[in-house]
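Working notes, structure below.
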Amino acid sequence: MELQYQLINGLPPQEQLSALLDLLAVVFVNQSQAETRADLDYQLTRTGVQILLASDNERLVGCKLGYERKPGHYYSWLGCVHPDYRGRGIAAELMCRQHDWCREQGYHTVRTQTYNQWREMLILNLRFGFAIVGTVQGKRGLTIVLEKAI
């Protein structure tokens with residue numbers, strides 16, 4: 001396995017975008033590709049989106065998407081690793097790269113949200129210094145809000 005990481009501001013080329021939507025559909029089965037694309041397009045019109053991709057040769061195996069919430073505050077929006085590639089440190093590497101980029105851009109706070117059903121992501125966030133700062137009612141149940149100073 002030889003992983004490559006790539007940061008893209010905005011949308012990737014169509015082939016990578018299709019692979020990204022496919023990956024997100026594999027992991028987030030409760031949301032259609034059309035809904036994900038609509039959410040992505042909406043966010044692109046607001047503040048732009050940064051997309052980190054992890055690939056094994058030409059296969060997209062992980063991603064981390066985020067955007068600016070407000071000056072100095074970054075929102076780590078979507079992230080996942082293909083089930084076949086879990087347990088190899090890819091999610092942690094994507095998170096570290098995203099936070100390094102955020103620091104370089106002058107952000108001082110990162111926020112994210114997750115559902116209890118994504119316990120691996122919740123545990124990863126806690127291990128990397130996020131604190132639970134609240135809960136909100138999300139589209140699919142109670143959402144756990146986490147925040148970290150970087």
Open item on the list: Between Arg97 and Asp100, does any NZ, NE, NH1 or NH2 come within less than 4.0 Å of an OD or OE carboxylate oxygen?
Closed with: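 So Asp100 does not pair with Arg97 through a salt bridge.
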Task: More than 12 heavy atoms from other groups under 6.0 Å of CD on Gln4 - done: yes
- [ ] Could you list the residues that satisfy side-chain contact (heavy atoms from CB on, under 4.5 Å) with Arg127, not counting sequence neighbours?
- [x]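 Arg127 satisfies side-chain contact (heavy atoms from CB on, under 4.5 Å) with Ile123, Leu124 once adjacent residues are dropped.
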Open item on the list: Going by the rule side-chain contact (heavy atoms from CB on, under 4.5 Å), which residues pair with Glu58 if we only count those two or more places apart in sequence or in a different chain?
Closed with: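 Expected list: none.
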Measuring from atom [atom1] of [X] to atom [atom2] of [Y], what distance do you get when rounded to the nearest 0.5 angstrom?
X      : Y      : atom1 : atom2 : value
Gln43  : Leu78  : CD    : CG    : 10.0 Å
Tyr115 : Met121 : OH    : CE    : 14.5 Å
Thr112 : Met95  : OG1   : CE    : 7.5 Å
Leu126 : Arg119 : CG    : CZ    : 12.5 Å
Ile8   : Leu53  : CD1   : CG    : 4.5 Å
Glu2   : Asn57  : CD    : CG    : 6.5 Å

Task: Contacts of Tyr85 that satisfy ring-ring contact (aromatic ring centres under 6.0 Å, His included) - sequence neighbours left out - done: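 Result, ring-ring contact (aromatic ring centres under 6.0 Å, His included) vs Tyr85: none returned.
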- [ ] Would you please name every residue forming a ring-ring contact (aromatic ring centres under 6.0 Å, His included) with His99, sequence neighbours left out?
- [x]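 With sequence neighbours excluded, His99 shows a ring-ring contact (aromatic ring centres under 6.0 Å, His included) to Phe130, given in chain and number order.
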Side chains of [X] and [Y]: closer than 4.5 Å at any heavy-atom pair?
X      : Y      : value
Leu146 : Gln113 : no
Gln33  : Leu24  : no
Gln98  : Ile150 : no
Gln50  : Trp101 : yes
Leu11  : Leu40  : yes
Pro83  : Val27  : yes

Task: Candidate pair Gln137 and Leu142, rule side-chain contact (heavy atoms from CB on, under 4.5 Å), full reasoning - done: CA-CA 5 Å; Gln137 187 60 42; Leu142 191 64; 4.3 Å; yes
Where do [X] and [Y] come nearest, in terms of heavy atoms and distance?
X     : Y      : result
Cys80 : Leu94  : O-CD1, 4.4 Å
Ala91 : Val81  : N-CG2, 3.7 Å
Cys96 : Phe128 : SG-CE2, 3.5 Å
Leu44 : Gly10  : CD2-CA, 3.8 Å
Ile90 : Ala54  : CG2-CB, 3.9 Å

- [ ] Can you run down the ring-ring contact (aromatic ring centres under 6.0 Å, His included) pairs that involve residues 13-64, sequence neighbours left out, and say none if there aren't any?
- [x]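 Only Phe28-Trp118 qualify under ring-ring contact (aromatic ring centres under 6.0 Å, His included).
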Let me check something: any side-chain donor-acceptor pairs from residues 61-70 under 3.5 Å, sequence neighbours excluded? List them with distances.
from  : atom 1 : to     : atom 2 : distance (Å)
Lys64 : NZ     : Ser76  : OG     : 3.2
Glu68 : OE1    : Tyr107 : OH     : 2.9

Suppose we screen for salt bridge (charged side-chain N to carboxylate O under 4.0 Å, His left out). Which residues come up paired with [X], at least two apart in sequence or across chains?
X     : answer
Arg88 : none
Asp22 : none
Arg86 : none

Open item on the list: Under the rule for side chain to side chain donor-acceptor pair (under 3.5 Å), what residues qualify as partners of Glu35, not counting sequence neighbours?
Closed with: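 Result, side chain to side chain donor-acceptor pair (under 3.5 Å) vs Glu35: Ser32.
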Open item on the list: For Thr109, give me all partners under side chain to side chain donor-acceptor pair (under 3.5 Å), at least two apart in sequence or on another chain.
Closed with: none
TODO: Under the side-chain hydrogen bond (donor to acceptor under 3.5 Å, both in side chains) rule, what do Arg103 and His108 come out as? Steps first, then yes or no, please.
DONE: CA-CA 7 Å; Arg103 276 188 287 279; His108 53 77; over 6 Å; no
TODO: Run the numbers on Thr135 and Thr143 for side-chain contact (heavy atoms from CB on, under 4.5 Å), then give the verdict.
DONE: CA-CA 5 Å; Thr135 58; Thr143 304; over 6 Å; no
Task: Side-chain cluster (under 4.5 Å, hydrophobic types only) that Val133 belongs to, other residues - done: Val136, Val145
